[in-house]
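Order of the sequence lines sets the chain letters (A, B, ...), proteins ahead of strands, with each chain counted from 1.
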Amino acid sequence: MTVKVRFAPSPTGRIHVGNIRAALTNWLFAHRHGGVFVLRIDDTDLERSTQAFEDGIETDLTWLGLTWNERYNQSKRFDIYQTAAERLKAMGKLYPCYETGEELDRRRKVQLSRGQPPIYDRAALALTPDQIAALNAEGRRPHWRFKLDGRRVKWTDLVRGECDVDTTSMSDPVLIREDGAFLYTLPSVVDDLEMGISHVVRGEDHVTNTGVQIEIFEALGGTAPIFGHFSLLVGTDGEALSKRLGSMSIMDMRDKGFEPLAVTSHLARLGTSDPLEAMASLELLSESFDFSKLGRAPARYDPADLERLNAQVLHAMPYGQAKPRLEALGVDLGEAFWLAIRTNLAMFTDVTELARLVAGPVTPMIEDADFIAQALALLPTEFDDNVWSDWVGAVKTATGAKGKGLFQPLRRALTGMDHGPEMGPLLVLIGRERAAARLAGQTA
RNA sequence: GGUCCCUUCGUCUAUCGGUUAGGACACCAGAUUUUCAAUCUGGGGAGAGGGGUUCGACUCCCCUAGGGACUACCA
């Protein structure tokens, strides 16, 4: 079976960790099976959808490397939905309702206060053709509801196994609004059918929808795709993540300087039985993807894990990949520099600080002037790869200092800091002239 | 109020009736002539609670507690 999946975001905001996880899971699954990944912009809500958010979705997906093979806008496909709606109307599966929003709201509250489930009572189904004609004559425009069969709809879910939803416990869903706008449900089903979507992979917040959607798939004479509902993410305290989602947009992560692979590795591995580690590419990530590895319990999203993964990505980043970015920051000090300092990076932009350690200016920290003076006198004239160990050995012999007492003052004098990259390669990069100046107490 | 799902080390998870309950990350300790990083070695650390079923339960059933989702003319 050819795998064809879709990511269908609505351009009503920037995408965040919650919905990018859906995009990622679909992408990984598609690539694992040589399938097709469709980007379907769900802009049926004309009022809330904006071009800027639509562009933002493309920017974010592209930044993460989640490229798409096909792309659609639902707002350009209304005629297709209209045709499907007419078919449903002809079958009597889609029926007009004239209650106002306030009315519906009031009824719901009454039901709730009586301890009853807030389900639509299907009053509109009792309307006679004459009544409907009268209502229309009054200028009232209906919204349209899909008449549920009222049965247990079953499917075998890729992550949840055997599932069923009892559609008798649900209201008939509104498919078309009073103003004629299509609500998400119908376009989603029609497009899945029309585009030949083989697998619908999404968060478990859609399991109830699946029940009604399968009924619509079948009403339209189609076969429902295979469904997979992964568990949602929660915060570090186990509370719903949705409350903090605003601060976790992909855009923010990019602005803060996180590596895209850290973000994707994190979201791909979280909640799975695979180790939470940074992968070198999305392809590698997709090779280990398997629905059977997904847990059913909500997983905790911990930003600290993202930071760790980000560091991992940096620590393994080859020079060729870093070079253009180093150039952009004006700190491309060569491959030896990159290899010497990359394991000390948490964020890529940390390189500017580390570059300063080499190129200056560094204000030395010197406590024991005599000791440093002795060290300066012993500084070799030839700076080869062994300069650090040769020099330190000589200083050790001359002063009797050892261990921390030996290394710490030298590091402080040379870098002005208590910690940093390994001194061996660093000293070579600093060079004799600057090293000597710093040991002499000068800022260099 | 109703429906559905979930609950194993701090975290993500393995286990699919009989295990010293395994791994990864984190943490702690040690090693690698200082620190940071990396690496290696070792260590502590778990079945939400209560009832059943069974020779035997983390595993099956019920109840309770906690968490999540859904219950829109949002998606």
* Could you say whether A:Arg160 or A:Asp274 is positioned toward the 5' end of RNA chain B, judged by the nucleotide with the nearest heavy atom to each? => A:Arg160
* Structure fact -> Tested for side-chain hydrogen bond (donor to acceptor under 3.5 Å, both in side chains) against A:Arg6, the lone hit among A:Asp191, A:Asn26, A:Asp42, A:Asp192 is A:Asp192
* Asked: Using atom P of each nucleotide, how far apart are B:U8 and B:U13 to the nearest Å?
  -> 9 Å
* Asked: Nearest-Å distance, CH2 (A:Trp391) to P (B:U33)?
  -> 18 Å
Output one line per pair: protein atom, nucleotide atom from nucleotides 34-44 of chain B, and distance, for all N/O pairs under 3.5 Å.
residue : atom : partner  : partner atom : Å
B:U34   : O2   : A:Gln408 : OE1          : 3.4
B:U35   : O2   : A:Gly420 : N            : 3.0
B:U35   : N3   : A:Arg411 : NH2          : 2.8
B:U35   : O4   : A:Arg411 : NH2          : 3.4
B:C36   : O2   : A:Asn344 : OD1          : 3.3
B:C36   : O2   : A:Asn344 : ND2          : 2.4
B:C36   : O2   : A:Gly420 : O            : 3.0
B:A37   : O4'  : A:Thr343 : O            : 3.4
B:A37   : O2'  : A:Thr343 : O            : 2.4

* Structure fact -> Side-chain atoms of A:Leu270 come closest, of B:C4, B:C12, B:A72, to B:C12
* Among the nucleotides B:G68, B:C25, B:C73, which one has an atom lying closest to any side-chain atom of A:Pro298? -> B:G68
* **Nucleotide B:C5, atom P - distance to NZ of A:Lys154 in whole Å** => 12 Å
* To do: Check RNA chain B against residues 204-220 of chain A and give the residues with a non-hydrogen atom under 4.0 Å, in numerical order.
  => A:Glu204, A:Asp205, A:His206, A:Thr208, A:Asn209
* Asked: Is there a donor-acceptor contact under 3.5 Å from the side chain of A:Thr168 to the main chain of A:Gly150?
  -> no
* Structure fact -> Whole-Å distance, A:Leu175 CG to B:C73 P, equals 12 Å
* Asked: A:Leu104 side chain: which of B:C73, B:A75, B:U33 is closest?
  -> B:C73
* Could you tell me whether the side chain of A:Gln111 and the main chain of A:Ile119 form a donor-acceptor pair under 3.5 Å? => yes
* Which part of the nucleic acid, if any, lies within contact of A:Pro117, taking any heavy atom under 4.0 Å across all strands shown: a base, the sugar-phosphate backbone alone, or nothing? -> base
* Asked: Just checking, A:Arg77 and A:Tyr72: is the charged tip under 6.0 Å from the six-membered ring centre and within 45° of the axis?
  -> yes
* Structure fact -> Scanning all shown strands, the Watson-Crick or wobble mate of B:C40 with both distances under 3.5 Å is B:G30
* Taking only the side-chain heavy atoms of A:His143 (C-beta and beyond), determine which of B:C12, B:C25, B:C73 contains the nearest atom. => B:C73
* Structure fact -> Whichever of A:Ser171 and A:Asp166 has the more 5' nearest nucleotide on RNA chain B, that residue is A:Asp166
* Asked: Between B:U71, B:C73, B:U7, which nucleotide has the shortest distance from any of its atoms to the side chain of A:Pro118?
  -> B:U71
* Mind checking the OG1-CG spacing from A:Thr399 to A:Leu378? Nearest 0.5 Å is all I need. => 8.5 Å
* Asked: Roughly how far, to the nearest 0.5 Å, is OG1 of A:Thr50 from CG of A:Asp43?
  -> 10.0 Å
* Using the C1' atom in both, what is the distance from B:A46 to B:A26, to the nearest Å? -> 15 Å
* To do: Identify whether the distance between the nearest side-chain nitrogen and carboxylate oxygen of A:Arg108 and A:Asp105 falls below 4.0 Å.
  => yes
* To do: Kindly say if A:Arg108 contacts the phosphate of B:C73, meaning a side-chain N or O under 4.0 Å from OP1 or OP2.
  => yes
* What does A:Arg308 touch in the nucleic acid at a heavy-atom separation under 4.0 angstrom: a base, only the sugar-phosphate, or nothing? -> sugar-phosphate
* To do: Give the rounded distance in Å between these two atoms: CG of A:Asn19 and P of B:A69.
  => 15 Å
* Examine distances only and state if a side-chain atom of A:Gln312 and a backbone atom of A:Ala278 form a donor-acceptor pair shorter than 3.5 Å. => yes
* Looking only at atom P, what distance separates B:C58 and B:U19, rounded to whole Å? -> 9 Å
* Report yes or no: does A:Ser265 contribute a side-chain atom to a donor-acceptor pair with the main-chain N or O of A:Ala262 at less than 3.5 Å? => no
* Asked: Taking the side chain of A:Arg296 as its heavy atoms from C-beta onward, which of B:C5, B:A24, B:C73 lies nearest to it?
  -> B:C5
* Apply side chain to side chain contact (heavy atoms under 4.5 Å, CB included) to A:Leu326 and A:Tyr319, showing your working. => CA-CA 9 Å; A:Leu326 292 169; A:Tyr319 177 62; 3.9 Å; yes
* Just call it for A:Ile176: base, sugar-phosphate, or nothing, with non-hydrogen atoms closer than 4.0 Å on any strand. => nothing
* So what does A:Lys396 hit on the nucleic acid, given a heavy-atom distance under 4.0 Å: a base, only sugar-phosphate, or nothing? -> base
* Using a cut-off of 4.0 Å on non-hydrogen atoms, how would the nucleic acid contact of A:Thr272 be classed: base, sugar-phosphate, or nothing? -> sugar-phosphate
* Structure fact -> Output for pair (A:Leu24 CG, A:Leu282 CG), nearest 0.5 Å, gives 7.0 Å
* Rounded distance in Å between the P positions of B:C61 and B:G22 -> 25 Å
* To do: Please check if the side chain of A:His266 supplies one atom and the backbone of A:Leu309 the other of a donor-acceptor pair under 3.5 Å.
  => no
* To do: Have a look at A:Thr44 and say if it touches a base, only the backbone sugar-phosphate, or nothing, with a 4.0 Å heavy-atom cut-off.
  => sugar-phosphate
* Hey, does A:Gln111 reach any base, or is it just sugar-phosphate, or nothing, if we go heavy atoms under 4.0 Å? -> nothing
* **Nucleotide B:U13, atom P - distance to CG of A:Leu294 in whole Å** => 9 Å
* With respect to the side chain of A:Arg152, which nucleotide from B:A14, B:C73, B:C4 is positioned closest? -> B:C4
* Among B:G1, B:U3, B:U33, which is the nearest nucleotide to the side chain of A:Leu112? -> B:G1
